[in-house]
Visitor: 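Have a look at this one before I ask anything.
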Amino acid sequence: MKNNTTRFVFVTGGVCSSLGKGISVASLGLLLEGRGYKISLIKMDPYINIDPGTMSPFQHGEVYVTEDGAETDLDLGYYERFTNAKLGKKNSVSTGQIYNAVIQRERRGDYLGRTVQVIPHITNEIKERVYNVANDGDLDFVLVEIGGTVGDIEGIPFLESIRQIRQELGSRRVMNIHLTLIPEISVAGEQKTKPTQHSVKELMQLGILPDILLPRTSRPLSDDMKSKIALFCNVRERNVISALDVIGPIYKIPFMFHEQGLDEITLEHFGLDKRTLKIKKWEKFIKQLVHPKKKVTIAVVGKYISLQDAYRSVYDAMTHGAAANEAELEIIKIDSEDLESMKKHQLEAALGNADGILVPGGFGTRGIEGKIAAINLARTKKIPFLGICLGLHCAVIEFGRNICSLAGANSTEINPATPHPVISLLEEQELVIEKGGTMRLGAYPCRLTEGSKARKIYGKDMILERHRHRFEFTMKYRGIFQSHGMNFGGVHPQSNLIEMIELKDHPWFIATQFHPEFQSKPTAPHPLFREFIKAAVERHKQNSR
Ligand code: GLN
């Protein structure tokens, strides 16, 4: 590798999944940046899919989209929200990508007659990806999260690669953190260290010695427990850091780690200057979050409501927007399919308590009419409304049918035979057959229309927002919609594609073809979410008068 100063922190997980590895890595990133170091992050996923873009939210949660159009794991969302790192295609690696690259090279004859093997060819490709991120900028740290659980067959080439990296660069350049679980036998009230011991043993068999352990626990670990773990797992006692279940916002997690010295120990390991931790903006955000002065209730009407992570960035962006308005946010999650059989008064009862309605992105036909019904209520009852991607499509369909008298108006994604295809396939998508990575993806510029609400909210005339879709507002209906009171708040400057719609005759009704949620941060709430929540807070105040 070219660069010979960047340090690498590898984070693995043992015992089971869902231990909060992504948030732990993001937290360490925040703390290192807070001490003045420049960082980047990588997520390595051992599955064979090239990326999660083709996976169902039920399998994988949200697909997070980067500026350069990579469809990635939602952990990249945490990384971007917690840190200033700009992430993209190179920061999201999967077994599928690694094998794809090696096999393509083999077909080109690049291996000159040699047998292509997991070691060294697959492992070299993995190492190459790690080093490439470091070579890309003058980074102090690259934090690498290895997805999955130690012991999984798929994960072995990744673990072997990080073992080799430590061998190549030495301990002064590499550190290993391992997350585990401390279960508690509830009747006995006893915390158990054995699964942690086994997990570390498994790592050691692969030649990896963790420097820091983050055992996830529901109660802080006693000194005795820490020393027991330290003894059995071959780490210093101070380096056993309780990854406590955090009650309340996940944004407090960096503080929990900082109080136990995670950032300090990391810098000591590398022999680096500790510098003072400066995270004022983050602290201010937490203060706003935990001491709200107002209240607001937002109904999210979607298809994957039962999953915590399917709309992760949307929920987080709302949290940022609420904190910016010093409001306590309550999210009512409504399955759009449940709304479909409801009569008007039932619908009003279900959504009536909401101060705002949000319809997020999605795919396919299920639950569409429920979303349209919710939007109809938002429009007619003047409830603040934010629609995202499929949410824009549904808002256009609703307006087309009920205001422009286009009976049966629909998106061709939902009904290809509709008499009024107000939403239809993008021209560039018409001949596309492959599903993976072929949507209109990543950041595109958008010009905000003079005099629009959008322009006022953003306070500028050009923005850059991230997309993930195949369907769009159909140009030929532009005139009819405009003449009936729909404004096009933003358009793509080159193609004139419609990226934002808004209603003249409504306090706050905006929908976007792009996904604003991907750019919202606790320290920089997205203006659309901030203003949407502000309008909802206003409505809440009026209703409670
Ligand atoms: N399914 C729609 C499309 O492909 C919307 C996508 C989305 O909401 N992300 O255009």
Side-chain angles (χ1 to χ4, degrees), residues 51-58 60-67 69-74 77 300-305 307 309-315 317 336-337 357-372 374-375 385-398 400 409-416 418 421-444 446 465-475 477 490 492 495 497-501 510-520 526 528:
D51 58 46
T54 53
M55 289 186 215
S56 148
F58 283 111
H60 196 270
E62 163 187 283
V63 173
Y64 183 78
V65 182
T66 58
E67 190 169 299
E71 295 177 275
T72 73
D73 188 87
L74 56 83
V300 175
V301 181
K303 172 159 110 171
Y304 304 109
I305 287 306
L307 297 173
D309 278 341
Y311 306 116
R312 187 71 272 154
S313 296
V314 171
Y315 296 148
S336 54
E337 239 183 335
I357 296 178
L358 189 150
V359 177
F363 294 82
T365 53
R366 189 161 60 79
I368 284 289
E369 292 303 324
K371 292 177 189 174
I372 295 172
I375 294 169
F385 168 75
L386 176 59
I388 297 172
C389 205
L390 187 65
L392 176 141
H393 297 178
C394 292
V396 167
I397 295 167
E398 193 281 323
N410 217 327
S411 158
T412 54
E413 180 183 15
I414 317 298
N415 175 13
T418 167
V422 290
I423 301 290
S424 55
L425 205 55
L426 282 156
E427 221 172 279
E428 71 211 39
Q429 287 284 333
E430 274 165 13
L431 299 174
V432 175
I433 297 164
E434 287 200 359
K435 287 275 181 283
T438 56
M439 282 185 253
R440 183 170 180 243
L441 283 168
Y444 285 85
C446 170
E465 291 279 9
R466 301 181 194 176
H467 295 247
R468 182 173 186 253
H469 64 116
R470 293 198 165 84
F471 294 82
E472 263 280 345
F473 187 95
T474 311
M475 284 299 184
Y477 290 99
H492 180 241
S495 65
L497 287 174
I498 285 160
E499 312 284 35
M500 294 184 82
I501 61 164
I510 292 181
T512 63
Q513 186 54 74
F514 50 76
H515 291 266
E517 69 272 24
F518 294 142
Q519 292 202 79
S520 188
H526 192 287
L528 280 177

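As the structure is a computational prediction, the values presented were derived from the model and not from experiment. For reference, positions follow the sequence shown, starting with 1. Read the numbers this way: they start at 1 and go in the same order the structure lists the ligands and their atoms.
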Visitor: Does an N or O from G362, backbone or side chain, lie closer than 3.5 Å to an N or O of ligand 1?
Guide: yes
Visitor: Determine whether L390 and K303 make a side-chain contact, defined as any pair of heavy atoms from C-beta on separated by less than 4.5 Å.
Guide: no
Visitor: Parallel, tilted or perpendicular: which describes the rings of H393 and F471, with under 30° parallel and over 60° perpendicular?
Guide: perpendicular
Visitor: For the side-chain contact (heavy atoms from CB on, under 4.5 Å) test, which of V422, L497, I498 pairs with F473?
Guide: I498
Visitor: Would you say R312's side chain and E62's backbone share a donor-acceptor pair under 3.5 angstrom?
Guide: no
Visitor: Check N410, I372, I414 against C394 for a side-chain contact (heavy atoms from CB on, under 4.5 Å) and give me the one that passes.
Guide: I372
Visitor: Please confirm whether Q513 comes within less than 3.5 Å of ligand 1 when only nitrogen or oxygen atoms on both sides are compared.
Guide: no
Visitor: Quick one: which ligand 1 atoms are inside 4.0 Å of a heavy atom on G361?
Guide: 8 (O)
Visitor: N/O to N/O below 3.5 Å, does that happen between H469 and ligand 1?
Guide: no
Visitor: Just going by heavy-atom distances, which of C389, G391, S411 is nearest to atom 7 (C) of ligand 1?
Guide: C389
Visitor: Answer with side chain, backbone, both or neither: which part of E413 has a heavy atom less than 4.0 angstrom from an atom of ligand 1?
Guide: side chain
Visitor: Is there at least one pair of N or O atoms, one from H515 and one from ligand 1, spaced under 3.5 Å apart?
Guide: yes
Visitor: For the 3.5 Å polar cut-off, considering only N or O atoms, please tell me whether I388 and ligand 1 meet it.
Guide: no
Visitor: If we ignore hydrogens and angles and just use 3.5 Å, is the side chain of E67 paired with the main-chain N or O of G442 as donor and acceptor?
Guide: no
Visitor: Examine ligand 1 and decide if any of its atoms is less than 4.0 Å from a heavy atom belonging to E472.
Guide: no
Visitor: Quick one: does M439 get within less than 4.0 Å of ligand 1, heavy atoms only?
Guide: no
Visitor: For atom 9 (N) of ligand 1, what is the nearest protein heavy atom, given as residue, atom name and distance?
Guide: R468 O, 2.9 Å
Visitor: Indicate yes or no: does an N/O atom of F471 lie under 3.5 Å from an N/O atom of ligand 1?
Guide: yes
Visitor: With distance as the sole criterion, is a donor-acceptor pair present between the side chains of H526 and E465 under 3.5 Å?
Guide: yes
Visitor: Among all protein non-hydrogen atoms, which one is nearest to atom 3 (C) of ligand 1, and what is the separation to 0.1 Å?
Guide: R470 N, 3.4 Å
Visitor: Given E517 and Y64, is the side chain to side chain contact (heavy atoms under 4.5 Å, CB included) satisfied, shown in steps?
Guide: CA-CA 10 Å; E517 69 272 24; Y64 183 78; over 6 Å; no
Visitor: Between E71 and R468, does at least one N-O distance fall below 4.0 Å, as a salt bridge requires?
Guide: yes
